Amino acid sequence: MAQDEQLHKIRHSMAHVMAEAVIEKFPGTKVAIGPAIEDGFYYDFDLPRQLNEEDLESISERMQEIIKEGHEFQRSVVKREEAYELFKKQDQDYKLELLEAIPEGEEVSLYNQGGFVDLCRGPHVEDTGQLNAQSFKLLNIAGAYWRGDEKNRMLTRIYGTAWKNPKELRQYLQRLEEMRKRDHRKVGRELDLFSTHEEAGPGLIYWHPKGARIRLAIEDYWRAEHLKNGYEMLYTPHVGKSWLWETSGHLGFYNENMYSPMQVDENDYYIKPMNCPFHIMIYNTNLHSYRDLPLRWAELGTVYRYERSGVLHGLLRVRGFTQDDAHIICTPDQVEDEILEVLRFSLAMWKAFGFSDIKAYLATRPGEDKSVGDDSAWEQASDSLKKAIEAEGLDYEVDEGGGAFYGPKIDLKIKDALGREWQMTTVQFDFNLPERFDMTFVDHDGKEKRPYMVHRALLGSIERFFGVLVEHYGGAFPIWLAPVQARVIPVADPFNEYAQDVKRKLLAAGLRVEADVSDNRMNAKIRNAQNEKVPYMLIVGEKEKDGDSVSLRRRTGKQQDVMTVEEFIGFANQKIADKEEI
RNA sequence: GCCAAAAUAGCUCAGUGGUAGAGCAACGCUCUCGUAAAGCGUAGGUCCGCGGUUCGAAUCCGCGUUUUGGCUCCA
C-alpha cells in the first residue's frame with residue numbers, strides 16, 4: 001500500500017515536471033490539470049501551437065534535465081486571494097477556474113518546484129531526486145475537452161508512463177508490446193477471422209469462415225447451456241413499427257442511438273437497438289398464470305445502434321452487434337432465486353471460456369426524480385442483486401445512484417490474460433417496460449398483477465466478446481474453439497492422398513480439420529500451421545500410411561506421439577469435451 | 001461529433017516535386033523432401049476519393065471518406 005502511494009506520488013510529480021518542461025519550451029502555455037493515472041500520468045495544456053512526435057522528444061529531454069537538477073517540491077498553503085493573484089499574473093485561466101471551484105473553507109495549497117508553481121492538493125515526492133530520469137516515457141498526444149465536457153475548449157493532453165526504476169518501465173513497455181501483438185484487429189487479419197469495410201460502412205463486422213467457425217462453437221455451447229438452464233429460445237424481427245418504440249419509450253430516451261426510420265406503407269419502421277420490446281410482444285400474446293413463471297427467454301438478437309464516428313474500435317465498439325440477450329419474467333417472490341441463478345450461470349459460462357477473475361459492480365437507484373417504479377420494488381431488486389453477489393463470494397463495488405432510470409443492475413467485469421478488465425455481463429431490472437406494455441400475470445388470488453422483468457446479457461455482445469477472446473488467447477484458441485483443430489501435413493506429395501483420406505475420416509468424426517496439400521515443403525507447412533496457431537499438426541508419411549496412423553505434433557512444440565487415426569479421434573474429442581487448452 | 005496523426009500491391013512497409021519499389025503471400029516451373037521458411041521465374045498499383053497549385057504531384061494546399069490514439073458515451 002505504501003508502495004502504491006509512493007508510485008502515485010512519483011507519477012503525479014512527473015506530471016508537474018512535464019508541465020514545467022512544456023511551459024519552458026512553449027511560453028504562453030496554459031496548464032489545466034495533470035493527475036496520476038493507472039500506469040502513469042497526463043497533463044492537459046492549452047498550447048500556442050500543435051505538438052508533434054519530435055516535441056515529445058525534446059520535452060522528454062528537458063524533463064530528464066529537470067529531474068537531474070534536483071528541484072525540491074515545496075508545498076505551501078496560501079490564502080485564496082494570494083493564489084488568485086499569482087495565477088492571474090501568469091494568465092493561467094484554467095487554474096483560476098479550478099481555484100474558484102475549491103469550496104470555501106478548504107485550504108488552498110500550492111506546489112513549487114524549480115519556479116513552476118501549480119495549484120495542487122498533492123501529495124508529491126520531496127524533490128526530483130526521488131524521480132528517475134530513466135524510468136518514464138512520454139507515450140502519446142491526444143485531445144481532451146476542458147473538464148471533459150465537449151462544449152468546452154479542446155486541450156492537448158500528453159500521456160506518459162512512469163515507474164520507480166528503469167526495469168519496471170521496461171516491463172511495462174513489454175506489456176504494451178504484448179498488447180499490440182495480441183490486438184484482435186491484428187490477429188483477426190492474420191488468422192483471417194473478420195473484416196470491416198470502408199466502402200460498406202464503418203462499425204459493421206464481416207465474419208470470415210474461420211471467424212464464423214469460432215462463433216458457431218461459441219453459439220452452440222451458449223445455446224446448449226441455456227437450454228440446460230431452463231431457458232427457451234426466441235427469434236424476433238429486426239425492425240418494428242414506430243408504435244413499438246413509442247410504447248417502449250425508446251423514441252424518447254434512446255433516440256440518439258437509433259437509426260432514422262424507413263417508410264413502409266406510410267408507416268415508420270425502426271431497426272432495433274434492443275430486443276426487449278419484441279420479447280414483450282411475445283409475452284403479451286397470451287394470458288399468463290403465476291404457474292407459468294418464471295419465464296426465461298433468450299435470443300441471440302442482432303441490434304443496431306448509432307455510435308459516434310470517433311468511438312468505433314475494431315470488434316469492441318461497433319454499430320451492429322449480436323447480444324446474447326435474455327429476459328426473465330417472474331413474480332416478486334421469485335426474483336431472488338432468479339438473480340442468483342443468473343449469476344451462477346454467468347460465472348460458469350465465464351469459467352468455460354477461460355476467465356475466472358471476475359469483479360461485480362452494483363449500481364443502485366439514481367434518485368427518485370430520475371427514476372421510475374416504487375421504492376419497495378427498487379429496494380427488493382437491489383437487495384436481491386446484492387445477496388446474489390455475496391452468496392457467490394464475488395468482489396464487488398457499489399455505484400450508489402449509478403443505475404438506469406428503469407432499474408438497478410449488476411455489471412460483471414472480467415480480467416483477461418494480460419490483467420485488463422472488460423465489462424461484459426449485465427443484469428438489469430426493468431420497472432419501466434412492464435408498466436408501459438401493461439404486462440400482467442394472474443396470481444393465486446385471481447387478480448392481474450405486474451411481473452418483474454430482468455434483462456441480462458452474459459457475454460454482452462458476441463462481437464465484443466469475440467474481440468476480448470482473441471486478445472485473451474492471443475489467437476491460440478483452446479481446442480474446442482480453434483477454427484482449425486487439426487491440420488494434416490504430408491511429408492511429401494506422394495502422401496497427399498493419404499492426408500486427404502485422414503482428413504475425411506476426421507471430418508466425419510466432427511472435427512474441424514484441413515489437409516495441407518500445397519507444394520510447400522513439410523517444414524514450411526509446419527511453420528505455417530504454427531503461425532496460424534493450429535493446435536494439432538498431424539504429420540503423415542510412409543510409416544503412418546502403412547500403420548493407418550498419424551504423427552501428432554502440438555503447437556506447444558516438443559512432444560510428439562504416433563497414434564492411429566481412430567485413437568486420435570478419441571483423443572481429440574476427449575480434449576474438446578473437457579474444454580482443455582490443447 | 002471534437003483534437004491530433006495516418007492511408008502506397010492481398011499483407012508488412014520503403015519511397016520529401018521529375019518513368020512507383022522491397023519482403024512475404026498469389027500464380028507457373030524445377031525439386032519429392034520426416035517435425036518452424038527449397039530454388040528460379042511471372043503477374044500484381046486510380047499511391048483512399050474529389051478539387052487545386054505546378055511544365056510536372058504518391059510527395060505541396062483544400063474538402064471528403066476511413067483508420068489509429070484520446071475526449072465523451074457504452075454491449
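Residue numbers begin at 1 in each chain, while the letters A, B, ... track the order of the sequences. All figures in this text were calculated on a predicted structure; none of them were measured in a lab.
- Nearest to the side chain of Arg527(A), among rA38(B), rA36(B), rC2(B), sits rA36(B).
- Candidate nucleotides rA36(B), rG34(B), rC33(B) were compared by shortest atom distance to the side chain of Glu542(A), and rG34(B) ranks first.
- The residue among Arg319(A) and Ser461(A) whose nearest nucleotide of RNA chain B lies closer to the 5′ end is Arg319(A).
- Leu51(A) comes within 4.0 angstrom of no nucleic acid atom, judged by non-hydrogen atoms across all strands.
- Using a 4.0 Å heavy-atom criterion, one finds that Gly314(A) contacts the sugar-phosphate atoms exclusively.
- Partner assigned to rU19(B) is none, using Watson-Crick or G-U wobble distances below 3.5 angstrom.
- Comparing atom distances between the Pro202(A) side chain and each of rU67(B), rC71(B), rC33(B) picks out rU67(B) as nearest.
- Of the P atoms belonging to rU68(B) and rC63(B), the separation is 23 Å, rounded to the nearest Å.
- In the set rA37(B), rG70(B), rG1(B), rG1(B) carries the atom at the smallest distance from any side-chain atom of Glu150(A).
- For Gln428(A), the side-chain atoms get nearest to rA75(B) when compared with the rest of rU66(B), rA75(B), rU32(B).
- No more than 12 heavy atoms of other residues, nucleotides or ligands shown are found within 6.0 angstrom of NZ on Lys545(A).
- Judged by the 6.0 Å distance and 45° axis criteria, Lys413(A) is positioned over the aromatic ring of Tyr361(A).
- Taking atom C1' in both rA9(B) and rA14(B), the straight-line distance is 13 Å, to the nearest Å.
- For rG1(B), the OP1/OP2 oxygens have a side-chain nitrogen or oxygen of Tyr306(A) closer than 4.0 Å.
- Among Arg180(A), Arg185(A), Lys181(A), Lys186(A), the single residue meeting the salt bridge (charged side-chain N to carboxylate O under 4.0 Å, His left out) criterion with Asp183(A) is Arg185(A).
- Under 4.0 angstrom from either OP1 or OP2 of rG69(B) there lies at least one side-chain N or O belonging to His313(A).
- Both distances falling under 3.5 Å, in either a Watson-Crick or a G-U wobble arrangement, place rA6(B) opposite rU66(B).
- Phe355(A) and Trp422(A) have their aromatic ring centers separated by at least 6.0 angstrom.
- Within 4.0 Å (heavy atoms only), Asp149(A) reaches no atom of the nucleic acid at all.
- In this structure, the ring of Tyr254(A) has its center no less than 6.0 angstrom from the ring center of Tyr270(A).
- Counting heavy atoms of neighbouring residues, nucleotides and ligands inside a 6.0 Å radius, atom CD of Glu177(A) exceeds 12 of them.
- Base pairing analysis places rG1(B) opposite rC71(B); the two distances defining the Watson-Crick or G-U wobble pair are each below 3.5 Å.
- Put simply, CG on Asn257(A) is 8 Å from C1' on rC73(B), counting in whole angstrom units.
- Ring-plane geometry between Phe253(A) and Phe405(A) is classed as perpendicular, the angle between the planes exceeding 60 degrees on a 0 to 90 degree scale with a lower cut at 30.
- Whole-Å rounding puts the Lys545(A) NZ to rG34(B) P distance at 17 Å.
- Nearest nucleotide to the side chain of Ile539(A), out of rA75(B), rA36(B), rG34(B): rG34(B).
- When the P atom of rA38(B) is taken as reference, atom CE of Met522(A) falls 10 Å away, rounded to whole Å.
- Atom CD of Glu421(A) sits about 8.0 Å away from atom CG of Asp357(A), to the nearest 0.5 Å.
- Across all strands shown, rG51(B) pairs with rC61(B); the Watson-Crick or G-U wobble distances both stay below 3.5 Å.
- Taking the C1' atom of each, rC40(B) and rU35(B) are spaced 27 Å apart, rounded to whole Å.
- A sub-4.0 Å separation between OP1 or OP2 of rC73(B) and a side-chain N or O of Arg305(A) is absent.
- Nearer to the 5' terminus of RNA chain B, by closest-nucleotide assignment, is the contact made by Asp493(A) (compared with the other of Ile526(A) and Asp493(A)).
- Across all strands, Met537(A) comes closer than 4.0 Å to no nucleic acid atom at all (heavy-atom distances).
- Separating the NE2 atom of His250(A) from the P atom of rC74(B) is a distance of 14 Å, rounded to the nearest angstrom.
- Note: CZ (Phe45(A)) to C1' (rG70(B)) measures 15 Å, nearest angstrom.
- Rounding to whole angstrom units, CG of residue Leu300(A) and C1' of rA75(B) are separated by 14 Å.
- Nearest nucleotide to the side chain of Ala492(A), out of rU72(B), rC33(B), rG34(B): rC33(B).
- One C1' atom belongs to rG64(B), the other to rU72(B), and the distance between them is 24 Å to the nearest Å.
- No hydrogens or angles were tested; on distance alone, a donor-acceptor pair under 3.5 Å links the side chain of Arg464(A) to the base of rC74(B).
- Listed pair Arg147(A) / rU72(B) fails the phosphate criterion, with no side-chain N or O lying under 4.0 Å from OP1 or OP2.
- The CZ atom of Arg157(A) sits 11 Å away from the P atom of rG70(B) (whole-angstrom rounding).
- Taking atom C1' on both rC11(B) and rG44(B), the two are 13 Å apart, rounded to the nearest angstrom.
- Between Val517(A) and the options Asp493(A), Val488(A), Asn496(A), a side chain to side chain contact (heavy atoms under 4.5 Å, CB included) holds for only Asn496(A).
- Phosphate contact (OP1/OP2 of rC71(B), side-chain N/O of Tyr159(A), threshold under 4.0 Å): present.
- Between Ser309(A) and rG1(B) there is a side-chain N or O to OP1 or OP2 distance below 4.0 Å.
- In this structure, rC40(B) and rG28(B) make a Watson-Crick or G-U wobble pair, each of the two defining distances being under 3.5 angstrom.
- Picking from rU66(B), rU30(B), rG70(B) the nucleotide with the shortest atom distance to the side chain of Ala142(A) gives rG70(B).
- In this structure, Gln50(A) reaches the rA5(B) phosphate: one of its side-chain N or O atoms is under 4.0 Å from OP1 or OP2.
- Contact check on Asp548(A) versus Lys505(A) returns a salt bridge, with a Lys/Arg side-chain nitrogen under 4.0 Å from an Asp/Glu carboxylate oxygen.
- Comparing the C1' positions of rC48(B) and rU32(B) gives a spacing of 46 Å, expressed to the nearest Å.
- Residue contacts for Glu544(A): at a heavy-atom cut-off of 4.0 Å it reaches a base atom on one of the strands shown.
- Comparing rC71(B), rG34(B), rC29(B) against the side chain of Lys543(A) picks out rG34(B) as the nearest.
- Comparing atom distances between the Arg189(A) side chain and each of rA38(B), rC3(B), rG10(B) picks out rG10(B) as nearest.
- Heavy atoms of Val318(A) sit under 4.0 angstrom from at least one base atom.
- One finds a side-chain N or O of Arg185(A) lying less than 4.0 angstrom from the OP1 or OP2 phosphate oxygen of rG69(B).
- Remark: P of rU68(B) and CG of Leu315(A) are 11 Å apart, rounded to the nearest angstrom.
- If you take atom P in rG21(B) and the same atom in rC55(B), they sit 26 Å apart, rounded to whole Å.
- As rounded to the nearest Å, rA38(B) and rA75(B) have C1' atoms that lie 49 Å from one another.
- Residue Gly310(A) is in base contact, counting any heavy-atom pair closer than 4.0 Å across all strands shown.
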